[in-house]
Structure formats: structure tokens, C-alpha cells
Chemist: 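I have a structure I would like to understand better, so I am pasting it below and will then ask my questions one at a time.
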Protein chains: 4
Amino acid sequence: MASAGKPRGERRTFIEEARRAQIIECTIAVLASHGYAHASLATIAERAGISKGVISYYFDGKEDLIAQVHAETMMLVTKLVLPAVATEVRASDKLRVYIEGSIAFVETHAAHATALLEIWNGLRTPEGRPAFDARSHEPGLEFLEGIMRQGQKDGEFRPFVPRIMALAIRGAIDCVLLQRVAYGDKVDLREAARELVALFDAAMRDVSGPRPTSAAPPPKARRGRR
Amino acid sequence: MASAGKPRGERRTFIEEARRAQIIECTIAVLASHGYAHASLATIAERAGISKGVISYYFDGKEDLIAQVHAETMMLVTKLVLPAVATEVRASDKLRVYIEGSIAFVETHAAHATALLEIWNGLRTPEGRPAFDARSHEPGLEFLEGIMRQGQKDGEFRPFVPRIMALAIRGAIDCVLLQRVAYGDKVDLREAARELVALFDAAMRDVSGPRPTSAAPPPKARRGRR
Amino acid sequence: MASAGKPRGERRTFIEEARRAQIIECTIAVLASHGYAHASLATIAERAGISKGVISYYFDGKEDLIAQVHAETMMLVTKLVLPAVATEVRASDKLRVYIEGSIAFVETHAAHATALLEIWNGLRTPEGRPAFDARSHEPGLEFLEGIMRQGQKDGEFRPFVPRIMALAIRGAIDCVLLQRVAYGDKVDLREAARELVALFDAAMRDVSGPRPTSAAPPPKARRGRR
Amino acid sequence: MASAGKPRGERRTFIEEARRAQIIECTIAVLASHGYAHASLATIAERAGISKGVISYYFDGKEDLIAQVHAETMMLVTKLVLPAVATEVRASDKLRVYIEGSIAFVETHAAHATALLEIWNGLRTPEGRPAFDARSHEPGLEFLEGIMRQGQKDGEFRPFVPRIMALAIRGAIDCVLLQRVAYGDKVDLREAARELVALFDAAMRDVSGPRPTSAAPPPKARRGRR
DNA sequence: AATGAATGAGACTTCATTCAT
DNA sequence: AATGAATGAAGTCTCATTCAT
């Protein structure tokens, strides 16, 4: 039950917001380094240098904590990737920026990315079924499908089932993240981004005929990759 | 500890082997239906209609049981997919059969496939690090890379980094499995197989020049981004 | 520990007295609605719209708070029932008024009555022994016994052991309260009062012989039973 | 969830039945001596000289344990009181035997009686409402009401509301138990039984006129009360 | 006079593991 | 070869209490 005394309303003091952020940050770190199953409240509290009770004070139990970490991280990755995608006009450019941005997120926010993967894989319903299963990919998948349908309408992409293509993109990015987690710096993320962009460009581009909108060159100057 | 009397050597009676197989089978079923974290020895024993002690008798603890389930399942999937691949000659055909076989395995051995995913995601070292992380993909990845290198040598495939392409294939297949787990029959595996084959065929095939056995395949010009 | 600065002496400012009364009132409400075990300081503070610290400021811990709630409520029920009893002369009338008043208290002060029951049942010494056990009934029991002895001396009542009769009256009233708590409005308290009066009148009245003080008619007109 | 491995089926081994009985016995003792709120599993296990886990092994959690203690004790008191009641024919005799039996149970099974009272008072729903509130008295109350209605039909009892009379009887007995708990041997249970029988006999007996079935004298010889 | 923040003990539960039979 | 019984550690959660501000 949402017991009393916890500052879960809208009004948040400065110190409270700081603690909350600190706990979330530590949870991400522990998720990344210990894995979902070993991310106990005790470990998290120890890392934060606080007592376990504080976590219960700020969050409605472990489930709530994990859910908020998930939401916060999803918001972060969305905020970092989507705006860049929105600046592009052509579907192929959108996808390129999406892939590049996703891989860049893995590089700049390794712990966040790993924690996200842990949550996706580890969070379960009481009966053991995945709680953030493929369903939690939905928003991202639908976003990708939207881009693909646009590309197909514009004649930029060949015909294919958008859902499968979107799955392939997500799976590829996640698999690269896994490699990064396993092998660390030995995995060249720049190269991975470059290759994945080329891979899916080749996989989707329509080479069967003349570009329908050939008269319409890229409406904006080619943006350098970095 | 590996106490004396346990039949863990090579010599195994028939009944022993049967028990062992039964336990492994039940573990797979429980992993698939309850998830890694909820797959307790009690649940497995109950499903097998035996007492928990028997599991300890045949396996050196839970970790050992899971490891053997993993090995057994990997062996199974390998046995079902690789021979078919070996009957093909051209790299593109090998890849097609590999993808089709992998997706078919998901369909015919749903529990095995799900259990495998659960183990990959859930099994950890005592410190919390993934025990069957990306490293356990290695054999499969290297197998795929070998096919790709062959295709590139034959001029069938364009130049690309085999490792990344292999990762993308594995990721795509795993993601389709996740969808299947999440959405069940609503996911059309035949369609998925067809689409993935087309996807990676388009992604890899060399369309720049004359066909496969031409005299001079593109050595490695243009590792350009597009 | 009773730290300095807390207004626990006699001298109390108006605002202090108001806070104290407010906390006690809220404690009664929470006891009645949540039960003893679930009446946490957090819940009480929340209901009062104050912080938990205030309660510690005005009371020496939870035990002290409950004790004061008990004392206050006992005082209230005494103040409401005893004066009416005192206006009667004959023992049978006193008992009638006592029962009617007790049941009326249950009706007009439902939360107080329920809270009292919760305290009687729930409050324990640190070792787990009832802290407000039967002993806390003592004043009320002795009061009833006094009335009975008077009635026996006057020849109004037959001979019986006053203590047991007093226990029966208290038990009957408490049991009616329990029914009220459990079944709410479906329990007709007017009827219960009427029946209990008749029950104990029949149980105690001496019908063996002529009224000793038959010459002394009821000194006041029979008060309507409702 | 009813986890696996617990012997909760019908088949019970001897040793298992013994453990189960031992745990229930210890729970009754701890309930009686420590009160409901302080009857933790740790205390119960300590008293039984076993580890906490054993309790979980034999019972589905604390709630289940308490429920079984309740059921077992109710069964015991029923088994001890009801047969004796059934041997009587006249309602007044049935009630006499019921009261005598109930008080005798308090004397011979003090811990059981106290534990029962603790459960009635202490067991709550998650929201804090009584779980074995007055409702759990229902069977007993209805049994008493049945006797009373028979007595009224036979003309043995005067008219009154059976439910209130039944409540009064239960309340009186419980209150005597409370006194016993509080004052121990100083409370004379024989006297209490004698007095309560006389009390309720006087309260219920119809003295208004001739016995309706006066022609039918007591069908069996008066059984000496002691 | 009051508050928000933090603590730490204690409760219940789950589960891998051990052991006598 | 197998079982039932038992253990003990670890996890999550609640809550009275303390304390600096």
C-alpha cells in the first residue's frame, strides 16, 4: 500500500530530488554491474552509502524503483535519439541517425544501456512471465515501422514487412550492446554503427528502378556523420 | 561438493541416463514457463514427480544443472541446424538454410528456445556477471562469420565486417523469438523466416559487379559508409 | 525518553492543548478504521495532516499515546454514562440506565467505542501480556458490583455473586459492540438495549417473595424505554 | 502460492503429523502467553526448538498456520461441548450443559481458550478489518439461537430476541475467560459456571403462567450438575 | 513548535543445500 | 537410488524512533 509519509506527490524538495536521483543512479550502476537478479536493495543501498530503509522511503518497494529506473532511462534514450531523427527528412536518413544515435547511447551511457537490457530481460510478473517483455519494445518498434512505411511510400525502400525489419534493427543493436558488455573496449562501436547503417541501407533500399523522387534531391545538405 | 556415489563419470546405467534426461527436460519446461528467476528446484522436482534430493544426486547443484541444460540444448539446436547447412554449397544458400533452420527450431522446440534465452539472460556468476553472456554466442557467431568470409571470397557477398553482420543475424533471430514468447501464435514464424532471409540476402549480396565466380571479385575497395 | 521541552507538565498553552486533542482524535479514528496492529504513527500523522515528529513531540512514544487515548476515552464514557445512573435511586433503574447509556455510547460514539475495544485487545506489555486486560475493567466492574449489592440489600435483587453478574453485563455489551463493528447498521442497537435490560432485569430480580420495600413505589415516573 | 514440496495432501506420514501437531501446539502456547501481535514465527520456532523454515515447510505461511490453529481449536471445543449438549432434551438443560462445558473448557484447556480469543481479536484482513470478527462466532451463535427457539416453542422460555440472548451468553463466557487470564487461579470457574447457569436460567425461564406442556414432565431424570 | 530525512530492528518468505534413513 | 525433513542465509518490507534544521 502506498503508505504515508513518503514524498510521492508533486512537490519535491531539492534534497529529496537529489536523493531520488542518487538512488536511481546507483540502481542503474548495480543493475549494470551485478545483473538484475543480484541487484538487491541491500547492494543498492550499500553502494549509495545509505540504509535500505531510505529506498523504501523514496520508492514504493523494489518494483516501483525498477519501474522508475526504466521510465527514466527510456526517457533519456528517447530524448537523446529522437530529436536528431526528427531533423531528418528522408526515411533512410532517419534510420541512419536512429542507428547511429542508439549505438552512440551505448557508448556514452554504457551503464544505462546495460541496465535497460537487464530490466527488459529480468523483470517478471509474480508468475514468472516477462513484465517488460517484447511489449515494452512496442513504442520503439512502432516508431521504426512508421519510418519504414514512409520510406516505402516515398519509393525509397523496397517492399518488406516493416515489423520484421524493425525487429531486426532492434535485435542487432541489442546484440552489439551485449558484445560491448562482454568484451568491453575491444568492440569498436564506431565501426558497428557504420556497418549496421550500411547493412540496413542495403537491406531496405529499392534498387529495382529509377528513384521516383529523383527530381527531389536531398532537401538539406548532407549532414556529416559527426 | 561432488560427494562420492554420484554417477557423474562416463559409465552410466540406463536408468541413470533416463533420470538425467527427465530432469533436464523438466528443467527446460519450467524455465520456459516460469522464467529463470522463478525456476526453483522445488518446482522442477514437482514437475518431474520426484523429490528435490534426486536433483542434487544427479547434478552438482543448480548451477551445474543449468549448465548441462544449456549444453544439451545448444547441442540439440546445433544438431538440427548445422547438417542442413552443410548440404548447401553457396554461402548465400547456407545462410538461408541457417536462418530458416533457426526459426524452425523456435517453432518446433519452443520450450527449448525459450529456455535457452532465459539461461542467456539469467545465469550469472556469483558476482553477478553474465555467465553465458555474449561469449556463449561465440561458436555460433564464428560459424556464421566463416560462411560470410566464404561468400566474400567467392564474390557472392559485398564487403562488410563479418562479425557485425553475424551479430545482426543472431540479434534478429533472438528478437523474433522474444516476439513469439510475448505474442504467441500471433507472430507468423514462416513470414519471419522468409523476410529475414530476404533482408540479409539484400544486405549482403554483391550487386556492384558480375556474378559470383567472376575472375576478380571486389578485393576490398570502398569500405565506405554507404 | 522524556526529553526536555515537551509540554508534558500541567502548564499547557491553548495551541498545545488543541494539538494534543487533535492527535488523540485522529488516533481514535485510525484505531477504529484500521485496527490496532495497522494503526501506525505514519497513518495517524497523515490523517492529522502533520508530520510524525509532532506525535513524538507531544507523546512519549506510541505506548504513551495509546495510554492517553485509553484514559481519555474511558473518561468520556464515564462522564456520559455515570451521571445519568446517579440520578436514579433504585438499583434496577441504575442498571437499566447503565445498560442503555453504554449501548447509546456505542451508537453516538462508534469510533470511540471501537477504538476502546481495539486497545483492550491489542495493547500489550513488551513481553506480550495484555496491558489493558481485565484489570482495566476493574473500575467499571466495581461500580456495577456496588449497584448490585445495593439492590440485594434493598431486597430488589435475588442473591447472586455480583462479580459474575457484572462480568456478564460487560461481556454482553462488548459482544453487542463487536456485532455492530462486524455487521454495521444491520445490528439494531435500540433493540439490543431493550433486550439486555429485560434480560438482566429478569436475571436479577427477586421474585421469590413479597417486595420488602413494597410500600415505596417507584420514586419517579417510569422513564420511557426509548 | 502453494509452493511445491510441502506435504499438504491427504497422505501424511507419522513424523509429519507429529511435527504439524507440535507446531500447532507451540503456536497455541505462544498465542496464549505472548498475545497475537507478538506471536512471531521466530518465537514459535524458538519455542518448538526448530528453525523458522520448518514452519514454512508445513504451513503455507503464517496466515495458514493461524487458520489451522483456529480450525483445530474450534474443532476441539466443539467436540468437547456439543456431544454433551446433544444428550439433553430440554432447552434449559442444553443451555446449562453448554455453559458448563464452555467454562470447563476454559479450565481444562486454558491455553487453547486464550489462543482462540487472541485469534478472534487479533486476526485482521490486510486492510486492518477483523478477519475472524463476530462472523466467526456465527456457528456458535446460531447453535445457541436454535436451542433458544426450541425452548420458546416448548413454552419453557419467555419471549425474547434469541440473537441478543446468544450474544450475552457468549460475551459472558468470554469475559470470564478474560478474568481467568488476568487473575489466574483467583477466579473460581466452578462458581462462575454455577452463577452463569443460574443467571441465564432466570433470564430466560417463562414464569408467567402454567407450563404449556405441563403434562409432559422432564422426560429424563434430572442429571446432577456435579 | 515542527518537519523531513534517515536509521535499524524485526517480521515474513523463499530457496538451495545438506543429511539421516 | 531416493526421499522427506530440516536448515540458514538472503531478500523485501514495515515501522517506531531519532535528529539536525
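All values reported here derive from a predicted model rather than from experimental measurement. Every chain is numbered from 1 and lettered A, B, ... according to where its sequence line falls, protein lines coming before strand lines.
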Chemist: Select from B:Ala39 and D:Lys52 the residue whose nearest nucleotide in DNA chain E is closer to the 5' end of that strand.
Modeler: D:Lys52
Chemist: Side chain of A:Ser40, heavy atoms from C-beta onward: which of E:dA1, F:dT12, E:dT3 has the nearest atom to it?
Modeler: F:dT12
Chemist: Side chain of D:Tyr58, heavy atoms from C-beta onward: which of F:dA16, F:dA5, E:dA16 has the nearest atom to it?
Modeler: F:dA5
Chemist: Show me the dot-bracket string of DNA chain F, counting Watson-Crick or G-U pairs under 3.5 Å, with | for pairs to another strand and [ ] for crossing ones.
Modeler: .||||||||||||||||||||
Chemist: Please compare B:Ala37 and D:Lys62 by the position of their nearest nucleotide in DNA chain E and report the one closer to 5'.
Modeler: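 On the 5' side of the pair lies D:Lys62.
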Chemist: Are the side chains of D:Asn121 and C:Trp120 in contact, using a 4.5 Å heavy-atom criterion?
Modeler: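 Counting from C-beta outward, C:Trp120 and D:Asn121 never come under 4.5 Å.
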Chemist: Using whole Å, report how far CD1 of C:Ile55 lies from C1' of F:dT18.
Modeler: 14 Å
Chemist: Both D:Ile15 and C:Glu63 contact DNA chain F. Which one's nearest nucleotide lies toward the 5' end?
Modeler: D:Ile15
Chemist: Would you mind reporting whether C:Gln22 and C:Glu17 have side-chain heavy atoms less than 4.5 Å apart?
Modeler: no
Chemist: Which of the following nucleotides, F:dG4, E:dT3, E:dA6, is nearest to the side chain of D:Tyr57?
Modeler: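 Of F:dG4, E:dT3, E:dA6, F:dG4 is nearest to the side chain of D:Tyr57.
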Chemist: Among the candidates F:dT3, E:dA16, F:dA1, find the nucleotide nearest to the side-chain atoms of B:Leu41.
Modeler: E:dA16
Chemist: Can you work out whether B:Ile50 or A:His38 has the more 5'-proximal nearest nucleotide on DNA chain F?
Modeler: B:Ile50
